[in-house]
Amino acid sequence: MSNPMRLLHSSDWHIGMTRRHLSESKQAVFRDARLQAIEQLCNHAAELDVASVVVAGDVFDGNQLDSNTIISLLEMVGELTCPVVLQPGNHDSYRRDSVYQSPAFRTHQPDNVLVPNTPGVLRDIPGLELIVGPYTDRYPTENPLFTALRQCAHTPKEPGTYRVGLAHTGVDAFAPRMDDATGAEIVPVAALEEACRSYQLDYLALGDRHSQTQVGESGRIWYSGSPEVTDFDDVEKNSGQALLVTLHDDTCTTEPLTCGKWSFRTFRRDIHSTADIAQLSHEFAEIPNKRRTAVRLGLNATLTVEDMAALDTAQAQWEGIFAGFRLWERNSSRHLLPSLTGLQARLAGYVAEAAEELSQLADTGDETAQDALTLLYRLTVEGEHQ
């Protein structure tokens, strides 16, 4: 009989990641937030006294990182008393120019940090056989997990030992189109379940999918998700977490652990009046933690020129209150209602004639004319209040 073992399963730290929808000043805040999420993950590992932290790929967002970022991460995980396994994925594959072979990493790598550089069996952790599948190329023809599993094909599991697989891969349940994918990128769920049975895996820790997700029905195959959010909530679910995995002789249980603080939120709204604008402004005002929230807005607006100008004013305010704000262009549209009453009353001479011409173009659906007409109204109103 084996003693119960607790592991902390994580993946997709993507240290160094940037997001194009954040301003330059917020990019630095977001990069630092990824390190803060790892700090919280380390707190969990210490408090729960886990046997090891296993990270299933993409520890770093790429192989070109500044040394201070690398050193900060290594100092953080180096404070843990348990082994920390950092398995390279497709973003940070182990090759000659790998971040893992950089002077900063090699000089500051703590004794408890293990980086597998070839598929195989890692037996450095007492009571655990870790089947590791690090990427040694960004585009391998076979997922390295299966290369590693063949090495233990005829080796029965040691008594009193748990066997855990560590893989970075997509699965067909969530990415069913496999025509253009290699065997490393997309693996059938059935193949993973068969691997667990054939090779006596007590647990299979997956990385690549940033949403915390169970795979199959056994309860032994999971994506941990990224410890800090990386995409909007219509794409990424249950991220910002890690998984506490408890292994017993015949059972495996998992528990989510919160690590991250950011959120990327998607909204879709139809706007037909200033009341709709006010309602959306109220919703945005109620969102907590705005300095760590990015908003993507799919907005279909059908308004008069006066109300469209009010929408532009509100949008400028929304851009100022969140860490990131942008219109979701492919899910947004603007339609100007043919009403110039409010604008004509404020204009005269050549400007009034220009507004009339713009109005005629706007009525045909010319978006440039619609935007110009809205801007003209907005500038006119703002000028009256100066």
Side-chain angles (χ1 to χ4, degrees), residues 10 12-44 61 69 72 76 210-212 225-242 256-301 303 307-334 374-375 378 381-382 385:
S10 187
D12 300 280
W13 290 3
H14 286 280
I15 300 301
M17 172 180 277
T18 58
R19 299 282 78 177
R20 64 180 181 275
H21 48 77
L22 300 178
S23 67
E24 185 175 346
S25 63
K26 298 298 184 182
Q27 292 281 12
V29 177
F30 180 70
R31 287 194 298 270
D32 188 57
R34 305 204 72 76
L35 288 172
Q36 291 176 17
I38 305 310
E39 183 176 28
Q40 180 58 48
L41 183 150
C42 290
N43 290 339
H44 286 311
D61 197 52
T69 299
S72 294
M76 210 175 295
H210 295 186
S211 305
Q212 191 170 100
S226 177
E228 184 56 273
V229 64
T230 61
D231 208 341
F232 286 97
D233 53 6
D234 63 314
V235 174
E236 189 171 300
K237 310 289 185 183
N238 298 323
S239 59
Q241 301 183 98
L257 304 172
T258 300
C259 299
K261 295 180 179 179
W262 276 65
S263 63
F264 290 0
R265 300 187 58 176
T266 299
F267 293 81
R268 297 178 188 231
R269 292 292 184 272
D270 294 328
I271 300 293
H272 300 287
S273 66
T274 55
D276 292 339
I277 300 171
Q279 174 59 36
L280 187 54
S281 290
H282 176 73
E283 287 184 53
F284 287 162
E286 294 295 306
I287 294 175
N289 197 23
K290 295 180 184 62
R291 63 193 179 94
R292 294 192 184 95
T293 300
V295 169
R296 179 174 62 176
L297 176 61
L299 184 67
N300 294 310
L303 297 166
D307 291 349
M308 196 70 79
L311 175 61
D312 286 346
T313 299
Q315 184 177 326
Q317 294 171 348
W318 300 335
E319 291 171 354
I321 64 175
F322 291 109
F325 180 92
R326 68 182 176 95
L327 282 182
W328 195 2
E329 296 293 346
R330 65 186 177 89
N331 286 289
S332 296
S333 63
R334 292 162 65 99
T374 302
L375 179 59
R378 183 180 173 188
V381 172
E382 290 176 354
H385 291 84

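Taking the side chain as every heavy atom from C-beta outward, Leu257 and Leu41 never approach each other to under 4.5 Å. The side-chain heavy atoms of Met17 and Arg31, taken from C-beta on, include no pair separated by under 4.5 Å. Taking 4.5 Å as the limit, every side-chain heavy atom of Arg292 sits out of range of all side-chain heavy atoms of Phe30. Two residues are said to be in side-chain contact when any heavy atoms from C-beta on lie closer than 4.5 Å; Asp276 and Asp270 fail this criterion. Within the 4.5 Å cutoff, the side chain of Gln241 has no heavy atoms near those of the Pro227 side chain.
Considering CG of Asp233 and CZ of Arg265, their distance stands at 7.0 Å, rounded to 0.5 Å. The distance from the CG atom of Asn289 to the CZ atom of Arg291 is 6.5 Å, given to the nearest 0.5 Å. Interatomic distance, Thr274 OG1 to Leu311 CG, rounded to the nearest 0.5 Å: 11.0 Å. To the nearest 0.5 Å, the span separating CD1 on Ile15 from CD on Glu228 amounts to 10.0 Å. Here the straight-line distance linking atom OG of Ser239 with atom NE2 of His210 works out to 9.0 Å at 0.5 Å rounding.
In this structure Gln36 satisfies the side chain to side chain donor-acceptor pair (under 3.5 Å) test together with Asp32, sequence neighbours excluded. By the side chain to side chain donor-acceptor pair (under 3.5 Å) test, Trp13 pairs with Ser10, sequence neighbours left out.
Remark: the Ser281 side chain and the Trp318 side chain contain an N/O donor-acceptor pair separated by less than 3.5 Å. Using modelled atom types and a 3.5 Å distance limit, the side chains of Thr293 and Ser263 yield a donor-acceptor pair.
Checked for salt-bridge contact, Asp234 and Arg296 meet the test: a charged N lies under 4.0 Å from a carboxylate O. Salt bridge status for Glu319 with Arg326: absent, with no side-chain N to carboxylate O gap under 4.0 Å. A salt bridge does not link Lys237 to Asp231: none of the charged side-chain nitrogens sits closer than 4.0 Å to a carboxylate oxygen.
Phe284 and Phe267 have perpendicular rings, their planes meeting at more than 60° on a 0 to 90° scale where under 30° would count as parallel. The aromatic rings of Phe322 and Phe325 sit parallel to each other, their planes meeting at less than 30°, with 60° as the upper class boundary.
Considering every non-hydrogen atom in both Val29 and Trp262, the closest pair reads CG1-CZ2, 3.9 Å. Between His44 and Thr258, the closest heavy-atom pair is NE2-O, 2.7 Å. Between Leu303 and His272, the shortest heavy-atom contact is CD2-C, 3.2 Å. The shortest non-hydrogen separation linking Asp61 to Gly16 is CB-C, 4.1 Å.
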Pair Asn238-Ser211, side chain to side chain donor-acceptor pair (under 3.5 Å): steps then yes or no: CA-CA 5 Å; Asn238 298 323; Ser211 305; over 6 Å; no
From CA spacing to verdict: side chain to side chain donor-acceptor pair (under 3.5 Å), Glu236, Thr230: CA-CA 8 Å; Glu236 189 171 300; Thr230 61; 2.4 Å; yes
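Annotation: Lys261, atom NZ; neighbour count of heavy atoms from other residues, nucleotides and ligands within 6.0 Å does not exceed 12.
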